[in-house]
Amino acid sequence: MYAARGRPPHLTEGQFRRLMSSGSFLWDHLADAPLILVPCQTQPKIPPPDALPPDVRARHLDEQRYVERIRGASIYPAVQNVILACRAFGLGTTITTNHIRCEDEVKAVLGVPDDVQTFALMPIGYPLDSFGPVVRRPVSEVVYADRWARRWPG
């Protein structure tokens with residue numbers, strides 16, 4: 001899927017090749033990690049429409065869409081904290097979500113209940129190589145001011 005999308009404009013050809021090969025390496029060596037953390041969350045429980053007052057019942061579909069859109073608001077900050085804690089202890093980790101394509105099988109292997117969804121796989125262990133410097137694009141390339149497509153002045 002990633003290769004078929006093509007190289008994003010902000011990556012050089014070499015960076016894109018490295019991105020693609022690192023993803024393949026991750027999947028080929030996932031079982032080598034001494035620990036794989038699987039952050040999970042129960043599915044939200046929305047009352048059925050007939051249990052709600054008429055004015056709320058009319059917005060039931062909107063509420064379902066809202067709940068689905070915000071589900072990651074709790075779990076992904078927790079995942080980021082795990083990443084930062086690992087780094088502080090000299091451990092390596094990354095977040096991958098590709099397992100969601102076969103989540104039923106993953107849940108079956110782990111005995112995860114039906115009303116719980118997995119949100120990531122995080123292999124955790126000591127890195128083979130030393131950590132390199134973290135490289136980020138300048139804020140001015142990734143942030144807009146006041147409205148979409150108006151570049152940040154910084």
Close side-chain approach of [X] and [Y], heavy atoms under 4.5 Å:
X	Y	value
Ile46	His60	yes
Ile36	Leu30	yes
Met122	Val82	yes
Thr94	Pro123	yes
Val79	Phe119	no
Leu11	Pro8	yes

Following the transitive rule for hydrophobic clusters with a side-chain heavy-atom cut-off under 4.5 Å over Ile, Leu, Val, Met, Phe, Trp and Tyr, establish whether [X] and [Y] coincide in one cluster.
X	Y	result
Ile100	Val106	no
Phe16	Trp27	no
Ile83	Tyr126	yes

Take atom [atom1] of [X] as the centre, draw a 6.0 Å sphere, and report whether it contains more than 12 heavy atoms from other residues, nucleotides or ligands.
X	atom1	answer
Arg136	CZ	no
Tyr76	OH	yes
Trp152	CH2	no

Drop me the distance from [X]'s [atom1] to [Y]'s [atom2], to the nearest 0.5 angstrom.
X	Y	atom1	atom2	value
Leu35	Leu37	CG	CG	6.5 Å
Ile124	Thr93	CD1	OG1	4.5 Å
Gln43	Asp115	CD	CG	6.5 Å
Leu110	Glu105	CG	CD	12.0 Å
Ile95	Gln80	CD1	CD	8.5 Å
Arg65	Ile70	CZ	CD1	14.0 Å

Nearest heavy atoms of [X] and [Y], plus distance in Å:
X	Y	answer
Pro77	Gly72	CD-O, 3.6 Å
Arg151	Glu141	NH1-O, 3.0 Å
Gln41	Ser74	NE2-CB, 4.1 Å

For Arg87 and Gly92, indicate whether the former's side chain and the latter's backbone hold a donor-acceptor pair under 3.5 Å. no

Please check if the side chain of Arg150 supplies one atom and the backbone of Tyr144 the other of a donor-acceptor pair under 3.5 Å. no

Between the side chains of Glu63 and Arg59, is the shortest nitrogen-to-carboxylate-oxygen separation below 4.0 Å, so that they form an ion pair? no

Sidechain N-carboxylate O distance under 4.0 Å for Lys107, Asp114: no

Consider only side-chain N and O atoms of Arg71 and Gln117, and report whether a donor and an acceptor are under 3.5 Å apart. yes

